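Worksheet for the structure shown next.
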Amino acid sequence: MALTIGVDIGGTKIAAGVVDDGGRIVAQCLRPTPAQSPERVADTIAEAVRELAEGRRIEAVGLGAAGFIDETRSVVRFAPNLAWREEPLQKKVSGLVGLPVVVENDANAMAWAEARFGAGRGESHIVCVTVGTGIGGGIVLEGSLYRGRWGMGAELGHMQVVPEGRPCGCGNLGCWEQYASGNALVAEARLLAEADPARAARLLEIAGGTVADIEGPEVTDAAREGDPVALAAFASMAEWLGQGLSDLAAVLDPGCFILGGGVSRAADLWIDGVRESYARNLTGRGHRPPAEIRLAELGASAGLVGAADLARWR
Ligand SMILES: [Zn+2]
């Protein structure tokens with residue numbers, strides 16, 4: 001049984017785990033991310049890896065990080081939450097732990113884990129969309145993770161879907177994640193509540209009376225109680241998600257879509273809307289087998305498991 005270690009480098013915590021070749025986590029540990037001193041992150045990763053490698057034969061280490069990773073899976077060119085620029089993470093960590101190391105984009109790692117061990121088992125063409133504060137993406141084509149020429153493919157959240165639309169953190173206007181993510185859900189709910197506070201009575205009550213205090217959990221709670229504005233915000237997000245998936249199907253023709261990320265915890269409030277919007281917008285509808293839209297199965301550990309498994313493919 002070949003073991004590798006996967007590390008999920010988050011903005012607040014670093015989760016590391018020993019993973020077997022069936023995608024099972026056999027041991028894990030958690031450390032706070034030294035976010036104030038990005039140069040110390042490699043040391044913290046190395047400490048976690050050493051702890052887990054103690055008494056075990058480890059083949060390789062896979063690191064998953066949010067950001068642009070170069071095509072050699074070595075350098076983090078740009079990481080939004082850790083202030084990394086051209087960070088030679090592979091070299092640093094490999095030097096510290098004495099094991100082969102690869103670096104992967106976190107959304108790609110999640111997609112790979114779902115493709116191999118989760119909701120995409122048995123499918124060779126998969127598009128994975130992680131709906132959190134923004135939108136992350138991962139694409140598996142013909143059984144391989146698609147990274148693009150320079151390692152920067154599958155940034156699905158930054159397709160510009162609205163000309164001159166809402167400003168995005170990436171510097172462009174109208175990106176998909178400004179309409180179909182958790183942040184978009186909150187933005188839409190606030191806009192609607194501001195325009196018609198009476199209609200948003202329950203939502204505003206839950207949020208303590210202030211539009212600016214409406215966040216994701218408030219929208220979710222209010223939607224469950226039937227608040228029309230909260231439900232409309234979910235419907236809008238679902239509509240945009242379905243449209244985006246139909247565009248992706250037009251380009252990639254996957255066998256299935258997998259939706260994950262924090263917002264999918266409330267999937268019962270929006271998944272039907274996504275499926276309806278997708279079916280309505282799909283090009284060639286009625287003349288093609290529709291890709292199934294599934295929910296991710298591996299939860300928060302997908303990034304760690306995927307990074308560990310991708311470390312086997314060197
Ligand atoms: Zn963008």
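Position 1 is the first residue of the sequence, and the numbers go up from there. Please read all numbers here as calculations on a predicted model, not as lab measurements.
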In this structure, CE of M110 is separated from SG of C128 (nearest 0.5 Å) by 8.0 Å

Say whether, by atom type as modelled, one donor and one acceptor occur between the side chain of T130 and the main chain of G260 under 3.5 angstrom. no

Side-chain H-bond candidate by donor/acceptor type, W150 with D70, under 3.5 Å:
no

Just by modelled atom types, is the D196 backbone N or O under 3.5 Å from a matching donor or acceptor in the R199 side chain? no

task: Examine L269 and Y179 and state if one hydrophobic cluster contains both, with Ile, Leu, Val, Met, Phe, Trp and Tyr joined whenever side-chain heavy atoms are less than 4.5 Å apart.
output: yes

Min side-chain heavy-atom separation I258-C256 under 4.5 Å: yes

(message) Let me check something: do I126 and L295 share a hydrophobic cluster, defined by ILVMFWY side-chain heavy atoms less than 4.5 Å apart, either directly or through other members?
(response) no

With heavy-atom distances below 4.5 Å as the criterion, would you say the side chains of L3 and E59 are in contact? no

Before you tell me yes or no, could you show the steps for L96 and D43 under side-chain contact (heavy atoms from CB on, under 4.5 Å), namely the whole-Å CA-CA distance, both residues' side-chain angles and the distance that decides it to 0.1 Å?
CA-CA 8 Å; L96 288 167; D43 297 320; 3.7 Å; yes

> Does a side-chain N-to-carboxylate-O contact under 4.0 Å join R31 and E51?
Replying inline: yes

query: Can any side-chain N or O of S181 pair as donor or acceptor with the backbone N or O of T133 at less than 3.5 Å?
result: yes

Output for pair (D247 CG, L252 CG), nearest 0.5 Å, gives 10.5 Å

TODO: Taking the side chain as every heavy atom from C-beta outward, state whether S124 and E142 have any atom pair closer than 4.5 Å.
DONE: no

Got more than 12 heavy atoms from elsewhere within 6.0 Å of CZ, R280? yes

query = With hydrophobic residues grouped by side-chain heavy-atom distances under 4.5 Å, do I14 and V49 end up in a single group?
reply = yes

CD1 of I25 to CD1 of I5, rounded to nearest 0.5 Å, is 12.0 Å

Taken in chain and number order and not counting sequence neighbours, the residues that satisfy side chain to side chain contact (heavy atoms under 4.5 Å, CB included) with V263 are V131, M237, W270

Original post:
S301 side chain to L298 main-chain N or O, any donor-acceptor pair under 3.5 Å?
Top reply: yes

From the list L63, L89, V101, V102, side-chain contact (heavy atoms from CB on, under 4.5 Å) partner of R73 resolves to V102

Margin query: Check the orientation of F68 and F78. Use parallel for under 30°, tilted for 30 to 60°, and perpendicular for over 60°.
Written below: tilted

Q. Salt-bridged, R190 to E218, with N to O below 4.0 Å?
A. no

> So L248 and M159, side-chain contact (heavy atoms from CB on, under 4.5 Å) or not? Walk me through it.
Replying inline: CA-CA 10 Å; L248 290 164; M159 298 188 295; 4.2 Å; yes

*Basic-acidic side-chain contact under 4.0 Å: E177, R166*: no

Smallest heavy-atom separation, D106 atom then G64 atom, equals CB-C, 4.3 Å

- prompt: Salt bridge check: are R312 and D21 linked by an N-O gap of less than 4.0 Å?
  reply: no

Between R85 and A79 the two heavy atoms that sit nearest each other are NH1-O, 3.5 Å

Q. So, S236 side chain and A232 main chain: donor-acceptor pair closer than 3.5 Å or not?
A. no

query: Does R202 come within less than 4.0 Å of E205, counting only side-chain N to carboxylate O?
result: yes

NE2 (H158) and CG (N172) are apart, to the nearest 0.5 Å, by 9.0 Å

*asked:* Side chains of R288 and L282, heavy atoms from C-beta outward: is any pair under 4.5 Å?
replied: yes

Note to self: Looking at R77 and E87, is there a salt bridge between them, counting it only when a charged N and a carboxylate O are closer than 4.0 Å?
What the structure shows: no

| task | Step by step, work out the side-chain contact (heavy atoms from CB on, under 4.5 Å) result for I69 and V75. | result | CA-CA 6 Å; I69 316 296; V75 177; over 6 Å; no

Between R275 and I271, is there a donor-acceptor pair closer than 3.5 Å when you use the side chain of the first and the backbone of the second?
no

Original post:
Using the ring of each side chain (for Trp, its six-membered ring), is Y278 parallel, tilted or perpendicular to F257, with breaks at 30° and 60°?
Top reply: perpendicular

Task: pair P34-T44: side-chain heavy atoms closer than 4.5 Å - done: yes

Legend entry - Lys/Arg N to Asp/Glu carboxylate O, R224 vs D221, below 4.0 Å: no

Closest non-hydrogen atoms of G62 and A311, given as atom of the first, atom of the second and distance, are N-CB, 3.6 Å

query = Given side chains that start at C-beta, do those of L204 and I214 come closer than 4.5 Å, heavy atoms only?
reply = yes

Hphob cluster co-occupancy, L245 + F234, side-chain heavy atoms under 4.5 angstrom: yes

> Taking D227 for the side chain and A223 for the main chain, is one N or O donor matched with an acceptor at less than 3.5 Å?
Replying inline: no

Notebook entry, point to check: Do any N or O atoms from the side chain of S94 and from the backbone of L99 form a donor-acceptor pair under 3.5 angstrom?
Noted result: yes

A233 and L192 have their tightest heavy-atom pair at N-CD1, 4.2 Å

Taken to the nearest 0.5 Å, the spacing of Q243 CD from N281 CG works out to 4.5 Å

Requested in this report: Output yes when a side-chain donor or acceptor of R121 lies under 3.5 Å from a complementary backbone atom of G118, and no otherwise.
Outcome: yes

- Side-chain contact, heavy-atom cut-off 4.5 Å: I139 with L145? no

When rounded to the nearest 0.5 Å, the distance separating OG1 of T4 from CG of L52 is 11.5 Å

Hits for side chain to side chain contact (heavy atoms under 4.5 Å, CB included) against R24, two or more places apart or cross-chain, chain-then-number order -> D20

Test side-chain contact (heavy atoms from CB on, under 4.5 Å) applied to R50 and E54, step by step: CA-CA 6 Å; R50 279 195 214 102; E54 182 77 40; over 6 Å; no

**Study point:** Within-4.5 Å side-chain heavy-atom neighbours: L259 and I293
**Key:** yes

Ion pair present between R294 and E114, side-chain N to carboxylate O less than 4.0 angstrom?
-> no

Single-linkage hydrophobic cluster, 4.5 Å side-chain cutoff, L156 and L141 together = yes

